[in-house]
K.L.:
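The structure's right below; bear with me while I get my questions together.
Convention: sequence-line order gives letters A, B, ...; per-chain numbering from 1.
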Amino acid sequence: MKLFLSNKSAAAGLVMLVLIVLAALLADGLAPHDPWQTVGRPLSPPGTAYLLGSDTLGRDTLSGILHGARVSLEIGILAAIVSVCIGVAVGLVAGYFGGRVDDLAMGLTEIVQTIPSFVLMVVLVAIFQPSITSIIVAIAVVSWPPLARLVRGEVLSLRTREFVEAARLSGLGNLPIMLREILPNCASHIIVMGSLMVANAILLESALSFLGLSDPNVITWGYMIGSSRAMLHLAWWTCVFPGLAIFITVLAINLVGEGINDVFNPKLAGRRG
Amino acid sequence: MLKAGLGRVIKVLMVLITVIICNFALVRLAPGDPVSVIAGETGASDAAFVASLREEFQLDKPIHVQLGTYLANVATGDLGYSYRQRRPVADLIWERMPATLLLTGTAFVLSLVVGVASGIFAGLKRGTWGDNTLVVLCLFGYALPAFWLGLVLVLIFSVWLQWLPAFGMQTLGFTGTWWEQAADVARHLVLPAVTLSAYYIALYTRVMRSSVADVQSSDFIKTARARGLSRRRIIGVHMLRNAALPVITLAGVQAGQLIGGSIVVETVFAWPGIGRLALDSLLQREYMVLLGVFIVTSVMVIALNIITDIILAIVDPRIRKAAA
C-alpha cells in the first residue's frame, strides 16, 4: 500500500476514483435536482442557475452526471466481474487439462476475439432489448478472451511446479487443486487485468448508450451525450461535461490499475518510467 | 506452406460458421416471434404476410432444417430482405462498403504510421520531456470515449473554427473535376479518421515504445554498433524491423475493433457507411440488416487478419521460413 501511494499518478487516480464513488453513492443527496425533471429554461448555459447548464428539455446536467456515475460504475464493475469469471474458468480449464480441452478452449477464445466485438454487442443488446442485464451480459461476452489467455499462460507454467505435484500426490482432486493451489498464484494478474476491464466496460457501456442502447429506466452519461448531440452547436455543455465524466472515471481506474500492477510486478515498474 | 494455409482456412471457416450460427440462434432466442425479428416493424401485424414469411423461412420445419436453409442462403450471398427499404440486405450493405473501407482503411494506416513513429521517438528518447508528454497523451488516449472525442473535434474545428466539415462524406450538390471531388471527400474524412484512430495511436505508441526499448538492449543491436554501422542504419534497418513485429501482430487483432468502432464514429459524423446503416436499422428494428452487417464485418475482419499475416511474413523472414 505504501508502495502504491508513493506512485504519484496512482495516488491521484485513487483520489479521483474515491470522489467518483462517493458521488455515485450520494447522488440522491448531492444532486440539486431529479435528473429526469425539467427544472428550468432549456439549454441554459453553465454557471447561471445551473452549475453545468441544462439540456434540451431543461434538465440539470450536473444532476444527470451525478446519477450517471452510479449506473456507469455498477455496469462497469458487474460486467468486469462476469467476464473475469468466464475468463478465469476458460483459462484454468484450458491450462490445467491441456491437450484436446486446451485446443477447444483456445479455439473458442480465438473465434470470440476475431468476431468484431462491438458489432456483436450491438446485435445482442438490440435483440434482447436494452436493459442493465443485457448490457452487462453483452460486455462480458466480448471481454473475457484476453484474460482467458493470460490465465492459461500462468497455469501452464504453474501446473508442473512442486507444490502442485505435492497437492496431487496428497490425493487432492482436480477442482481443489485448480481453485486452492493454482488460482491464488494467478491472483495478482487477474486483479490488474480485472481493474482495466472495469474501465473498458465503462467505455463500452457509454458507447452503447450513446447509440441509444441504454436501459430506459436509468440515466447514463452516454445517453446524455447521445440525446443532446443534435444541439451541440447551440449548447456545447450538454455534451462536453458528461464526456469529461467518462474520461476522468476511465482515466482514474486505469491509473489505479497500473499502480496495482507496479506493486505486484515491481520488476516491470522500472521499465515504464 | 500448404499445412499452414489449410490451418488458416479451417480457422476462417470456424469463425464464419460461429457467426452464422450465432445469428441464427439470436433470431430464434429473441423475445417474441422470430417472424417479428425477420420482418422488423413493418408487416408483423398482417396475418397473410406472417404466414408467407413462416413458409419462406421454414419456421414450421425442425430446427436443423431451418439452420441448413440459413447456412445455404448465407453461403450464396443471400443475407435476407429489408421489408422497409424493399431491397435485399446484401445490396444495402454492398452499397455502403466503399465508405466504410475508406474510413477504416485510413484510420488503420494513420494509427500505424503515427503510432509507430511516435513510439520510436519515445523509445529512443526515453525519460526526456518529449517522451513524458507522449506517455501522458497515451494515457489520455486510452480513456477517451471515441464518440465524445468526435463531438469535441466537431465543436472545435467545425463549429468554432469552421475549418472542416462536421458531417457527411461530400458537400451536397458539389460538382467539380475528379480531383476536386477527391479533395472534398478528403476534407470530410479528416475528423472521422482522426477520431477513429486516436485510441489505436495511443496503443501502438505504447507497444512500439517498449518494443524499441527491448530491441535496443538486445545482442544484435550491440553487434551492429560494434561493427561500426551508422546510427541511422541501425535504427532504420535493424531496429525498426524487429520492433515493429509486436505492433503489426497487435494491429491484426485490433482490426476487428476498428471496424466495430466505425459504427460509433460513422454515427457521430453521419458518414454513409456500414456502421451508419447498422444504426439506422437498429432504430427501425430491422434486425435482418443488423445481422447482415454482423456477418459482413466478420468477413472484413478475417480478410484484414489474413493481410496482416502476409505483411508479417514479408517483414519477418523467420515466419516465411516456418511457413515454407
Side-chain angles (χ1 to χ4, degrees), chain A residues 9 13 107-108 110-129 142 146 196 199-200 202-208 210-213 221-222 225-226 229 232-234 236 239-240 242-255 258 268 271-273, chain B residues 11-12 14-15 18-19 22-23 26-27 29-31 37 126-127 135-136 139-140 142-149 151-152 154-155 158-160 166 210 213-214 253 255-264 267-268 275 278-279 281-283 285 287 290-291 293-294 297-298 300-302 305:
Chain A
S9 56
L108 180 70
E110 206 180 325
I111 288 175
V112 176
Q113 267 187 317
T114 312
I115 292 174
S117 55
F118 195 75
V119 187
L120 176 59
M121 271 177 16
V122 169
V123 170
L124 281 174
V125 176
I127 289 192
F128 290 102
Q129 307 303 327
V142 300
L196 298 179
N200 199 39
I202 289 178
L203 276 181
L204 291 177
E205 185 276 330
S206 71
L208 283 175
F210 170 73
L211 294 179
L213 292 171
W221 294 332
I225 299 173
R229 74 185 187 92
L232 180 71
H233 55 292
L234 295 175
W236 55 269
C239 294
V240 169
L244 270 181
I246 303 172
F247 172 65
I248 293 171
T249 308
V250 173
L251 185 66
I253 298 174
N254 281 341
L255 289 175
E258 289 196 359
L268 290 171
R271 283 188 10 186
R272 286 170 191 256
Chain B
K11 261 183 208 159
V12 166
M14 285 303 293
V15 173
T18 311
V19 168
C22 229
N23 269 353
L26 279 172
V27 173
L29 289 174
V37 176
R126 194 156 275 252
V135 169
V136 173
L139 270 175
F140 287 180
Y142 279 139
L144 278 176
F147 61 92
W148 183 67
L149 175 65
L151 289 173
V152 171
V154 165
L155 193 63
S158 308
V159 178
W160 290 342
S210 63
D214 287 346
V253 178
Q257 294 191 22
L258 201 62
I259 289 174
S262 74
I263 293 190
V264 174
T267 305
V268 172
L279 187 78
S281 53
L282 182 73
L283 296 176
R285 297 178 188 281
Y287 295 124
L290 200 56
L291 294 174
V293 168
F294 186 36
T297 48
S298 303
M300 288 165 71
V301 171
I302 292 168
N305 277 329

K.L.:
Among Thr249(A), Leu203(A), Leu204(A), which has the most heavy-atom pairs under 4.5 Å with chain B?
P.N.:
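The candidate making the most pairs under 4.5 Å is Leu203(A).
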K.L.:
Check whether any side-chain heavy atom of Phe140(B) sits under 4.5 Å from a side-chain heavy atom of Leu251(A), and report yes or no.
P.N.:
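Sidechains of Leu251(A) and Phe140(B): in contact.
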K.L.:
Taking side-chain contact (heavy atoms from CB on, under 4.5 Å) as the test, write out the residues that go with Ile302(B), two or more places apart.
P.N.:
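Per chain and number, Ile302(B) pairs via side-chain contact (heavy atoms from CB on, under 4.5 Å) with Thr114(A), Val12(B), Val15(B), Leu16(B), Ile306(B).
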K.L.:
Quick one: of Val152(B), Ile259(B), Leu149(B), Leu139(B), who has the most non-hydrogen atom pairs under 4.5 Å with chain A?
P.N.:
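Counting heavy-atom pairs under 4.5 Å, the top option is Leu139(B).
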K.L.:
Hey, is the main chain of Gly243(A) close enough, under 3.5 Å, to the side chain of Trp221(A) for a donor-acceptor pair?
P.N.:
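Answer holds: no.
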K.L.:
Between Leu244(A) and chain B, which part of the residue has a heavy atom less than 4.5 Å away: side chain, backbone, both or neither?
P.N.:
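Both parts, backbone and side chain.
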K.L.:
Taking every heavy-atom pair that is under 4.5 Å apart, which of Val240(A), Ile115(A), Leu108(A) has the most such pairs with chain B?
P.N.:
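The residue among Val240(A), Ile115(A), Leu108(A) with the greatest pair count is Val240(A).
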K.L.:
Quick one: of Ala199(A), Ala207(A), Gly107(A), who has the most non-hydrogen atom pairs under 4.5 Å with chain B?
P.N.:
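Top count of heavy-atom pairs under 4.5 Å with chain B: Ala207(A).
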K.L.:
Apply ring pair (Phe, Tyr, Trp, His ring centres under 6.0 Å) to Phe294(B) and list each qualifying residue two or more places apart in sequence or on a separate chain.
P.N.:
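If we apply the ring pair (Phe, Tyr, Trp, His ring centres under 6.0 Å) test to Phe294(B), skipping adjacent residues, there are no hits.
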K.L.:
Quick one: which of Gly222(A), Pro242(A), Pro116(A) has the most heavy-atom pairs under 4.5 Å with chain B, could you say?
P.N.:
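The candidate making the most pairs under 4.5 Å is Pro116(A).
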K.L.:
Which atom names give the shortest non-hydrogen contact between Phe118(A) and Gly260(B), and what distance separates them?
P.N.:
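Reported closest heavy-atom pair: CD2-O, 3.5 Å.
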K.L.:
May I ask you to test the Phe147(B)-Leu211(A) pair for a side-chain heavy-atom distance under 4.5 Å?
P.N.:
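No; the side chains remain at least 4.5 Å from each other.
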K.L.:
Under a 4.5 Å heavy-atom cut-off, does chain B meet the side chain of Phe247(A), its backbone, both or neither?
P.N.:
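Both parts, heavy atoms under 4.5 Å.
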K.L.:
Between Ala126(A) and chain B, which part of the residue has a heavy atom less than 4.5 Å away: side chain, backbone, both or neither?
P.N.:
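Answer is both: backbone and side chain atoms of Ala126(A) are under 4.5 Å from chain B.
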K.L.:
Which atom names give the shortest non-hydrogen contact between Ala252(A) and Gly13(A), and what distance separates them?
P.N.:
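Minimum heavy-atom separation between Ala252(A) and Gly13(A): CB-O, 3.6 Å.
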K.L.:
With a 4.5 angstrom heavy-atom cut-off, is it the side chain or the backbone of Leu155(B) that approaches chain A, or both, or neither?
P.N.:
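Contact with chain A: backbone and side chain both.
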K.L.:
Heavy-atom pairs under 4.5 Å with chain B are the metric here; pick the option from Gly226(A), Cys239(A), Ser117(A), Gly212(A) that has the most.
P.N.:
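Going by pairs under 4.5 Å, I would pick Cys239(A).
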K.L.:
Quick one: does Ile225(A)'s side chain get under 4.5 Å of Trp148(B)'s, heavy atoms only?
P.N.:
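SC-SC contact between Ile225(A) and Trp148(B) confirmed.
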K.L.:
With a 4.5 angstrom heavy-atom cut-off, which part of Thr18(B) approaches chain A: side chain, backbone, both or neither?
P.N.:
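Only the side chain of Thr18(B) comes within 4.5 Å of chain A.
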K.L.:
Which one, Ile246(A), Val119(A), Val122(A), Ile202(A), leads in non-hydrogen pairs under 4.5 Å with chain B?
P.N.:
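Going by pairs under 4.5 Å, I would pick Val119(A).
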